[in-house]
Amino acid sequence: MAVFSIVSYAWAIKYYLLVNKLDFLEPITSQRKHLIDAEKYKFRITRFGLMLAPFMIIGVFLSAGIPFFSEKMILTAFIQKKHGLLSSLKRIKRELEEIVKLEGEK
């Protein structure tokens, strides 16, 4: 269980460093490149995380005796899906594409 935690922390730190490279003073193309790199990395770690998640969930639930389909669990999953980091990145990417289109029209 500790190994999964260490791996997820390492992924989170690397992702933070990728997002931290985004500098709004750079040209829009450079910003877009950094955003796409961060998004690719996020998708990759999400895929691995989803493959490892059942093992972590089983460990937590077996050790703590938490009911799996409680209202709190369902609400948490819904909030994460609706307002999570991936949706924010998609919104930022959309806004950057709109800015690029507006700059191209000038």
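Positions are given from 1 along the sequence.
- For D23, the side chain to side chain contact (heavy atoms under 4.5 Å, CB included) partners at least two apart in sequence or on another chain are L25, E26.
- Linking ILVMFWY residues whenever their side-chain heavy atoms come closer than 4.5 Å, directly or via other members, places I92 and V100 in the same cluster.
- Counting heavy atoms from C-beta outward, M51 and F48 have side chains that approach closer than 4.5 Å.
- Note that the NZ atom of K90 and the CG atom of L35 stand 12.5 Å from one another [nearest 0.5 Å].
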Donor-acceptor pairs under 3.5 angstrom involving side-chain atoms of residues 37-44: please list them, not counting sequence neighbours.
residue : atom : partner : partner atom : Å
D37     : OD2  : K33     : NZ           : 3.3

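- For the salt bridge (Lys or Arg N to Asp or Glu O under 4.0 Å) test, no residue two or more places apart in sequence or in another chain qualifies with E98.
- V19 and I28 fall within a single hydrophobic cluster, where Ile, Leu, Val, Met, Phe, Trp and Tyr side chains are chained together by heavy-atom contacts under 4.5 Å.
- Under the 4.5 Å side-chain contact rule for hydrophobic residues, L18 and V7 share a cluster.
- A salt bridge links R91 with E95: the closest approach of a Lys/Arg side-chain nitrogen to an acidic carboxylate oxygen falls below 4.0 angstrom.
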